[in-house]
Amino acid sequence: MPPVPQVTGCRTHGQIALTYSEGPSDATAKIVRQLNNAQVRGNFFINTTWLYTQQYAMVVQNMYNAGHLIGMTYRAPKHEDGSSFSDDEIRQDVINSARMIETLIQVAPKYVRLHYSEPEDTRTENIINDLGFVLVDYNLDSLDYLHKSGAKIRDVYRNAFRRQKDTYDAKGSFISVQYDIPGSGSLAAVPYIIQTIEEEGYTAVRMDGCLNDPKPYKASADSLTFVSDKFSFNTTGYTQGQHPVAIISNTAEEDERGLSAEEEVDNEYESNANSLQRLLGMTIFLALMATVTQYF
């Protein structure tokens with residue numbers, strides 16, 4: 001079965017869509033706060049596994065209400081005996097996952113990111129495509145699963161921008177990926193990334209702005225009708241761009257944990273986080289690391 005083309009860049013040179021995958025987690029609300037402070041709108045591809053936890057469901061609602069774009073991360077499940085789901089079972093599982101997000105934000109995600117698999121899961125790609133979803137990949141890997149330092153992740157961005165300039169004598173267009181999970185460097189990197197985007201003359205955009213798409217959601221999980229909301233591209237509520245904030249140097253301990261020194265504690269969510277949720281988050285991170293290692 002042939003692979004489905006996936007979006008890997010924006011239609012306008014000089015734009016970059018910051019995307020976050022695998023959350024929400026204990027780190028997500030803090031990342032959103034930093035993006036809000038810099039007036040940046042991000043793109044969050046939700047792993048619906050975590051939405052059974054009320055605090056994380058609230059994080060999704062809050063980020064949506066703040067104008068960030070909500071997509072979905074998906075991995076085709078297997079039966080307990082290890083056998084693969086049938087086409088119909090995958091189709092229903094995709095719809096059920098999208099419906100969980102729909103119940104929180106009243107529209108269903110349109111943009112979907114698949115977990116990396118080897119070999120490529122073209123069967124699931126085609127099922128998702130037939131259901132009307134748009135598959136989104138990336139062309140700038142932040143490597144935040146390897147680097148905990150915001151400065152090192154900044155260098156990944158800076159090198160990508162300058163390599164583009166040196167090769168083509170022009171700005172490119174990028175979709176970057178970060179992982180908003182405990183143990184990654186995604187939180188520490190936020191102010192560094194925004195500062196670098198500004199310094200290199202790029203503009204941070206939502207996925208709908210990246211693709212000039214005025215209808216970035218589905219009317220419902222099983223619908224083929226696309227819809228807009230009050231934050232969508234070409235509406236008065238659409239926002240793009242960035243306003244960098246000051247970077248406060250991290251202490252060694254904060255840097256090791258991937259936390260920014262300027263971070264404020266989000267009492268609403270932090271007080272509810274328990275050790276089991278952190279363990280589950282780290283389990284996903286370790287699985288992701290194993291996959292990435294295999295990929296490289």
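Every side chain to side chain contact (heavy atoms under 4.5 Å, CB included) that Asp229 has, sequence neighbours left out, goes to Tyr64, Arg206, Tyr217, Phe231, Ser232. A search for side chain to side chain contact (heavy atoms under 4.5 Å, CB included) contacts involving Asp81 returns His79, Ser83, not counting sequence neighbours. Listed by chain and number, the residues in a side-chain hydrogen bond (donor to acceptor under 3.5 Å, both in side chains) with Lys110 are Asp213 (sequence neighbours excluded). Scanning for side-chain hydrogen bond (donor to acceptor under 3.5 Å, both in side chains) contacts around Glu125 gives Gln6, with sequence neighbours left out. For Thr239, the side chain to side chain contact (heavy atoms under 4.5 Å, CB included) criterion is met by Arg41, not counting sequence neighbours. Arg11 is linked by a salt bridge (charged side-chain N to carboxylate O under 4.0 Å, His left out) to nothing, counting only residues two or more places apart in sequence or in another chain. Under the salt bridge (charged side-chain N to carboxylate O under 4.0 Å, His left out) criterion, Glu200 pairs with Arg162, not counting sequence neighbours. The side-chain hydrogen bond (donor to acceptor under 3.5 Å, both in side chains) test applied to Asn96 returns Gln92, not counting sequence neighbours. Remark: Lys230 engages no residue in a side-chain hydrogen bond (donor to acceptor under 3.5 Å, both in side chains) (not counting sequence neighbours).
The closest donor-acceptor contact from the side chain of Glu89 to the backbone of Ser86 lies under 3.5 Å. In this structure a side-chain-to-backbone donor-acceptor pair under 3.5 Å is present from Gln242 to Tyr202. Between the Thr122 side chain and the Met1 main chain, a donor and an acceptor come within less than 3.5 Å of each other. Asn37 contributes no side-chain N or O that, together with a main-chain N or O of Val245, makes up a donor-acceptor pair within less than 3.5 Å. Using modelled atom types, one side-chain atom of Ser142 and one backbone atom of Val177 make a donor-acceptor pair closer than 3.5 Å. Using modelled atom types, no side-chain atom of Asp180 and backbone atom of Ala27 make a donor-acceptor pair closer than 3.5 Å. In this structure a side-chain-to-backbone donor-acceptor pair under 3.5 Å is present from Trp50 to Glu22. With Ser173 contributing its side chain and Gln15 its backbone, the two residues share no donor-acceptor pair below 3.5 Å.
Looking at heavy atoms from C-beta onward, Leu35 lies in side-chain contact with Phe44 at the 4.5 angstrom threshold. Side-chain atoms of Ile247 and Tyr192, non-hydrogen and from C-beta on, do get closer than 4.5 Å to each other. The shortest side-chain heavy-atom distance between Thr73 and Ile46 does not fall under the 4.5 Å cut-off.
The only member of Val60, Asn43, Val40, Asn36 that meets side-chain contact (heavy atoms from CB on, under 4.5 Å) when paired with His68 is Asn36. With respect to Tyr56, the side chain to side chain donor-acceptor pair (under 3.5 Å) criterion is satisfied by exactly one of Asp26, Thr49, Asn47: Asp26. Among Asp93, Thr124, Thr48, the single residue meeting the side chain to side chain donor-acceptor pair (under 3.5 Å) criterion with Tyr74 is Asp93.
Annotation for Ala57 and Leu51: closest pair CB-O, 4.0 Å, computed over non-hydrogen atoms. The two atoms that bring Arg113 and Ser21 nearest to each other are NH1-OG, 2.8 Å, heavy atoms only.
Under 3.5 Å, the side chains of Glu198 and His243 contain no donor-acceptor pair of N or O atoms. Using modelled atom types and a 3.5 Å distance limit, the side chains of Asp137 and Thr8 yield no donor-acceptor pair. Under the 3.5 Å distance criterion, with hydrogens and angles disregarded, no donor-acceptor pair is assigned to the side chains of Lys218 and Ser223.
For the atom pair CD1 (Ile70) and CE (Met207), the distance works out to 13.5 Å, reported to the nearest 0.5 Å. Between the CG atom of Leu104 and the CD atom of Gln61 there is a distance of 5.0 Å, given to the nearest 0.5 Å. Rounding to the nearest 0.5 angstrom, the gap separating the OG1 atom in Thr12 from the CG atom in Asn212 is 5.0 Å. Once rounded to the nearest 0.5 Å, the distance linking CE of Met100 with CE of Met72 reads 10.5 Å. Here the OG-CZ distance, from Ser117 to Arg75, works out to 9.0 Å after rounding to the nearest 0.5 Å.
The hydrophobic cluster containing Phe233, built from Ile/Leu/Val/Met/Phe/Trp/Tyr side-chain heavy atoms closer than 4.5 Å, also comprises Val205, Tyr238.
There is no path of hydrophobic side-chain contacts, each under 4.5 Å, that joins Phe226 to Leu211. Clustering ILVMFWY residues whenever any of their side-chain heavy atoms sit less than 4.5 angstrom apart, transitively, puts Val59 in the very cluster that holds Tyr52.
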#### Entry: Asp222/Ser220 under side chain to side chain donor-acceptor pair (under 3.5 Å): CA gap, chis, key distance, verdict
CA-CA 6 Å; Asp222 56 357; Ser220 62; 3.1 Å; yes
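Residue pairs meeting the disulfide bond (SG atoms under 2.5 Å apart) criterion with at least one partner in residues 123-242, sequence neighbours excluded, are Cys10-Cys210.
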Going by atom type alone, with no hydrogens or angles, which donor-acceptor pairs under 3.5 Å involve a side-chain atom of residues 151-158 and a protein atom two or more places apart or on another chain?
residue: Tyr157; atom: OH; partner: Ser176; partner atom: OG; Å: 2.7
residue: Tyr157; atom: OH; partner: Gln178; partner atom: OE1; Å: 2.3

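Contact check on Lys165 versus Asp169 returns a salt bridge, with a Lys/Arg side-chain nitrogen under 4.0 Å from an Asp/Glu carboxylate oxygen.
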